Amino acid sequence: MSHNTARKLDSKNAVLYLPDGQSIELPVFTGSENEGAVDISRLRSQTGHITMDPGYGNTGSCQSEITFLDGEKGILRYRGIPIEQLADKASFVEVAYLIVYGKLPNQTELDAFTDNLNHHALLHEDMKNFFSSFSGQAHPMAILSAMVASLSGYYDAASTAERSGDVDTNAARLISKIRTLAAFSYKKSIGQPFVYPDDSLSYCANFLQMMFAVPARDYEPDPVVVDALNLLLILHADHEQNCSTATVRTVASSHANLYASVAAGILALWGPLHGGANQKVIEMLENIRADGGNIKKFVDMAKDKDSGFRIMGFGHRVYKNFDPRATVIRKACDKVLDKLGIEDPVLDLAKQLEEVALSDDYFIERKLYPNVDFYSGIIYRAIGIPVNMFTVMFALGRLPGWIGQWKELMDDPTHRITRPRQIYQGQTAVDYVAIEDRV
Ligand code: ACO
């Protein structure tokens with residue numbers, strides 16, 4: 001379907017009056033959940049003006065049918081289905097199918113998709129050599145992005161808008177191989193032999209055995225750990241036009257292939273203001289603990305702009321009430337730690353920090369609440385994932401979203417290359433000065 005023709009135009013236009021006496025009528029349209037938008041696509045050609053919106057907080061870059069979120073009401077739905085229902089009932093593979101293909105799979109479709117994932121789980125043997133070339137200090141996100149980009153050197157990556165590649169095969173390859181790549185980078189970092197995928201296991205159990213099995217003894221993934229991982233991956237599976245997804249779409253808009261676009265998304269996710277926050281949360285909580293657990297000191301520091309310190313895992317560009325994913329994870333955190341018989345003092349610190357911050361005017365006035373990553377690291381740690389792999393886990397979860405959004409963009413014949421404008425504020429025209437005449 002063409003997204004531009006699908007929109008419902010309102011009967012009245014908006015009118016913009018400019019100081020130079022010009023005015024322009026701008027079409028207004030409404031989304032299926034009644035969000036309104038003013039279409040400014042003819043603004044510059046007709047008036048010479050552009051809009052300024054640093055950070056794009058007020059700019060719609062596309063129309064999408066994948067994810068709906070309402071930051072004021074704390075609503076998140078994939079293809080219309082509330083995140084709470086998916087978290088409670090679905091498997092990550094079902095959710096991946098839902099996001100990429102637009103509907104929940106029936107049993108036959110799910111079986112075929114699962115077979116496809118199993119079929120593509122192995123890496124090309126030559127790729128194993130890559131892992132030896134990274135320094136021992138390399139962050140797993142650096143390795144993951146490089147390896148994902150490298151996949152385009154092994155498979156027909158010509159899945160550009162020309163559609164000469166097989167998009168479905170590349171999507172299944174990526175969803176399956178990213179697990180193997182992530183587990184192999186971990187094994188490499190601790191000097192253990194790679195463990196190959198096992199088709200008889202579920203998506204999450206297969207990943208866990210590649211991470212934690214060793215040739216010397218049998219390994220049976222704990223169902224509590226499998227379920228916890230399944231939940232975390234589902235909660236991260238898509239989040240409409242966030243920083244990394246917008247990056248995937250931007251790269252894809254130049255008709256870059258799926259692997260290249262996703263590799264760019266992984267790098268955007270790495271930043272501590274985005275997916276990298278899950279690692280930073282645990283590091284922050286550990287610092288607070290090492291410092292004697294004085295929560296108020298850290299809350300005061302976060303309020304002091306000169307300190308440069310923020311409470312990691314707090315605040316969100318779009319959620320201004322609560323992050324529904326954080327609500328689900330907070331409950332799961334208690335349950336998982338309890339079932340695994342783990343007492344993590346950092347969980348208590350996190351709860352205290354949440355309580356102190358949420359009753360403080362600074363956080364109340366700015367509508368700063370715990371986000372999805374405030375508690376996710378505590379579960380990851382409880383299930384044995386090392387801290388520097390947390391953001392890799394986020395990437396595993398977010399992959400279906402990146403693929404679904406890449407596909408949606410490629411399927412939209414009206415999409416254009418992403419190319420924002422700017423307002424130049426630099427030096428106006430001056431003549432070149434010969435080096436001997438320069439001061
Ligand atoms: N701790 C202390 N103060 C904060 C925090 C925080 N975590 N987050 C925002 N603020 C303050 C800002 O200093 C600013 O205050 P001011 O109005 O007095 O200047 C105000 O709240 C608004 O903050 P912005 O940075 O303008 O909000 P923005 O929407 O641009 O940023 C972001 C959102 C990046 C998530 C921010 O809240 C943040 O840095 N949080 C910590 C990092 C984090 O947890 N990131 C994960 C986000 S979720 C995800 O990507 C999966």
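Computed from a prediction, not measured in an experiment: that's the story for all the values here. Counting convention: from 1, in listed order, for ligands and their atoms alike. The first residue of the sequence shown is numbered 1, and numbering continues consecutively from there.
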Proximity to ligand 1 by part of [X], non-hydrogen separation under 4.0 Å:
| X | value |
| --- | --- |
| Arg317 | both |
| Leu368 | side chain |
| Tyr362 | side chain |
| Asn371 | side chain |
| Asp373 | side chain |
| Lys305 | side chain |

| request: State the CD1-OG distance between Ile190 and Ser185, to the nearest 0.5 angstrom. | output: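 Rounded to the nearest 0.5 Å, the CD1-OG separation comes to 11.0 Å.
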| request: Supply the atom-to-atom distance Leu353 CG to Met284 CE, rounded to the nearest 0.5 angstrom. | output: 5.0 Å
| message | Any nitrogen or oxygen of Val372, side chain or backbone, less than 3.5 Å from one on ligand 1? | response |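 N/O-N/O distance under 3.5 Å: no.
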| query | Can an N or O of Ile311 be found at a distance shorter than 3.5 Å from an N or O of ligand 1? | reply |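 Checking ligand 1 against Ile311, an N or O pair does fall under 3.5 Å apart.
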[X] heavy atoms, cut-off 4.0 Å: which ligand 1 atoms fall inside?
| X | result |
| --- | --- |
| Phe394 | 51 (C) |
| Gly313 | 43 (C), 44 (O) |
| Ala277 | 43 (C), 44 (O), 45 (N), 46 (C) |

| query | Is there a protein heavy atom at a distance of less than 4.0 Å from atom 26 (O) of ligand 1? | reply | no
| request: Might you check, step by step, whether the distance between atom 22 (C) of ligand 1 and some protein heavy atom is under 4.0 Å? | output: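 Given the 4.0 Å cut-off, atom 22 (C) of ligand 1 does not count as touching protein heavy atoms.
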| message | Return the closest protein heavy atom for atom 41 (C) of ligand 1 as residue, atom name and distance. | response | Phe314 O, 3.4 Å
